[in-house]
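Written below as structure tokens is the structure these notes are about.
The basis for the numbers below is simple: all heavy atoms, side chains too, and nothing from hydrogens, waters or symmetry mates. In listed order, ligands and their atoms are each counted from 1.
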Amino acid sequence: MVGLRIAEHVRKAIETREPVVGMETSVFVQGLPREVSEGLFDELMEVSKGKGFHLAIVGILDGEIVVGIRKEELLRMIKEGAEKVGTREIPIVVVKECHGATTVSATLFICRKVGIEVVVTGGIGGVHPGGRDISQDLIELANGRAVLVCSGMKSILDVEATNELLETLQVPVVGYGTDEFPVFYSRRSGIRVPRVNSVEEVLRIAATMKELELEKTLLVLNPVPAEFEVPLEEVERYLSEVKIEGVRGKELTPYLLKELSERSRGKTLAANVALLKENLLLAGEISVGMARNCGTIFSVEKN
Ligand code: PSU
Ligand code: MN
């Protein structure tokens, strides 16, 4: 039997249809420096309490899948090390009884199993230039229904190819208050996406997906706040200075994030933290709205 532990408050919230937002652990373990992760955990918990929704951070501890990990558990993962885990790595980490820091794909997969419909992150994986390294995230977005709030993906990825693949996979994509696919630190990429202007509109699209039984994840792209934006040309300049030879596979994302933060003197890190908070606020509003609407537009009965 696979070990699965759901934090009591999260279990109750799912059962009584209170708002819950799921979140990955890879962003804390591989994506940010340790000191930042520690403070951010508290801040995000405060946000969720203040706004009246539950935050369920997902990870794997000693092979047990945990939905709603506690701070000391996150700190253990950071200290003792945790494998970066996409959906396909879940069974391996479970059997080997080690720690697993979930990425977007694994988090969406686990949230779907336990009934969490809104998930938040900073950035998703995508198609790397050359087209041979394609993130599991994209496949998982096409595997089942949820709403995922993020700020796009890093501009090192092939944004155009990623957007095309999302179309191929029939994943609905909307820009929240923007007509352009945001690229993590930067608000603009030149690649157009359909715009939504309110949480209400997001909720209606999600409800329509449910009614149509379109079993895909609605990708809500929320650009980094303007005051924290690092312009695309600047990010590209830093990236051009980074040597990536020899860094492969799942090591690449964490390596690039660290290099960028050093080269920008912390600007990309500040942007990363700011967008995570903003994305959680938006995901929270969406989850609150979904819980409120439950029993009305969300309970479309099948004949
Ligand atoms: N992009 C970021 N920060 C991150 C990630 C992506 O700016 O922490 C993480 C997320 O967990 C995402 C994963 O799901 O990297 C994608 O990794 P890969 O490209 O190896 O699939
Ligand atoms: Mn990859």
Side-chain angles (χ1 to χ4, degrees), residues 22-34 36-37 40 44 57-60 74 77-78 82-90 93 100-111 119-143 146 148-159 161-162 165-166 171 181-186 189 217 219 221-224 228 230 232 235 238-239 242 244 247-261 264 267-280:
M23 187 175 183
E24 59 164 295
T25 31
S26 178
V27 60
F28 291 103
V29 178
Q30 279 100 19
L32 296 166
R34 184 185 173 158
V36 176
S37 288
L40 185 64
L44 297 181
I57 298 179
V58 174
I60 302 177
L74 178 67
M77 288 173 75
I78 295 171
E83 288 282 322
K84 181 177 163 187
V85 169
T87 304
R88 74 160 186 168
E89 283 87 19
I90 297 173
V93 170
T102 56
T103 62
V104 166
S105 64
T107 306
L108 281 171
F109 180 85
I110 293 166
C111 284
V119 178
V120 68
T121 194
I124 54 166
V127 181
H128 282 266
R132 287 205 312 177
D133 181 345
I134 299 173
S135 175
Q136 292 181 61
D137 292 355
L138 302 183
I139 308 301
E140 201 56 65
L141 287 167
N143 278 352
L148 177 73
V149 178
C150 74
S151 299
M153 64 212 151
K154 293 176 308 297
S155 59
I156 177 83
L157 295 170
D158 187 333
V159 186
T162 305
L165 187 50
L166 286 166
V171 172
F181 204 120
V183 281
F184 206 63
Y185 307 115
S186 323
S189 64
T217 296
L219 186 57
L221 302 169
N222 190 29
V224 62
F228 287 97
V230 186
L232 193 55
V235 175
Y238 299 134
L239 284 172
V242 181
I244 57 167
V247 188
R248 287 241 173 81
K250 61 186 188 177
E251 305 307 324
L252 189 55
T253 300
Y255 172 77
L256 287 172
L257 291 174
K258 186 165 162 285
E259 287 286 325
L260 279 174
S261 171
S264 69
K267 272 206 286 186
T268 57
L269 180 58
N272 200 341
V273 170
L275 65 85
L276 280 165
K277 288 188 210 161
E278 283 302 313
N279 291 350
L280 183 64

* Can you pull out the closest protein heavy atom to atom 19 (O) of ligand 1? Residue, atom name and distance to 0.1 Å, please. => T253 OG1, 3.7 Å
* **T102 N/O under 3.5 Å from ligand 1 N/O** => no
* Asked: Looking only at non-hydrogen atoms, which of L275, L138, D137 approaches atom 13 (C) of ligand 1 most closely?
  -> D137
* Asked: In the protein, which heavy atom is nearest to atom 7 (O) of ligand 1, and how far is it?
  -> F184 CZ, 3.1 Å
* Asked: If you measure from each non-hydrogen atom of L252 to ligand 1, which part falls under 4.0 Å: side chain, backbone, both or neither?
  -> neither
* Asked: Hey, is the main chain of G123 close enough, under 3.5 Å, to the side chain of S151 for a donor-acceptor pair?
  -> no
* Structure fact -> shortest atom 3 (N) of ligand 1-to-protein heavy-atom contact is with L257 CD1, 3.5 Å
* To do: Give a yes or no on this: more than 12 heavy atoms of other residues, nucleotides or ligands lie within 6.0 Å of atom CZ of F109.
  => no
* Hey, which N, O or S atom on D133 ends up closest to the Mn ion (ligand 2)? -> OD1
* **Minimum-distance protein heavy atom relative to atom 20 (O) of ligand 1** => K84 NZ, 2.9 Å
* Could you tell me whether a side-chain N or O of S155 sits under 3.5 Å from a main-chain N or O of V183, the two making a donor and an acceptor? => no
* Q30, portion touching ligand 1 at heavy-atom distance under 4.0 Å -> neither
* Asked: Quick one: does E24's side chain have a donor or acceptor within less than 3.5 Å of a partner on T107's backbone?
  -> no
* To do: Please report which non-hydrogen protein atom sits nearest to atom 1 (N) of ligand 1, along with the residue it belongs to and the distance in Å to one decimal place.
  => K154 NZ, 3.4 Å
* To do: Test side-chain contact (heavy atoms from CB on, under 4.5 Å) on F28 and M23 and set out the steps.
  => CA-CA 10 Å; F28 291 103; M23 187 175 183; 3.9 Å; yes
* Polar side-chain atom of D158 near backbone of H128 as donor-acceptor pair, under 3.5 Å -> no
* Structure fact -> In terms of heavy-atom contacts, A82 and Q30 come closest through O-NE2, 2.8 Å
* Where do T25 and G59 come nearest, in terms of heavy atoms and distance? -> OG1-CA, 3.6 Å
* Considering only heavy atoms of V27, which atoms of ligand 1 have at least one such atom less than 4.0 Å away? -> 8 (O)
* Decide whether an N or O pair under 3.5 Å exists between S135 and ligand 1. => yes
* Quick one: which ligand 1 atoms are inside 4.0 Å of a heavy atom on E24? -> 10 (C), 11 (O)
* Asked: What pair of heavy atoms forms the shortest contact from L269 to S261, and how long is it?
  -> CB-OG, 3.7 Å
* Is there a donor in the side chain of T103 and an acceptor in the side chain of S26, or the other way round, less than 3.5 Å apart? -> no
* Counting each atom of ligand 1 from 1 as listed, which ones have a heavy atom of S26 under 4.0 Å away? -> 11 (O)
* Structure fact -> A student checking ligand 1 against V104 at a 4.0 Å heavy-atom cut-off should list atoms 11 (O), 14 (O)
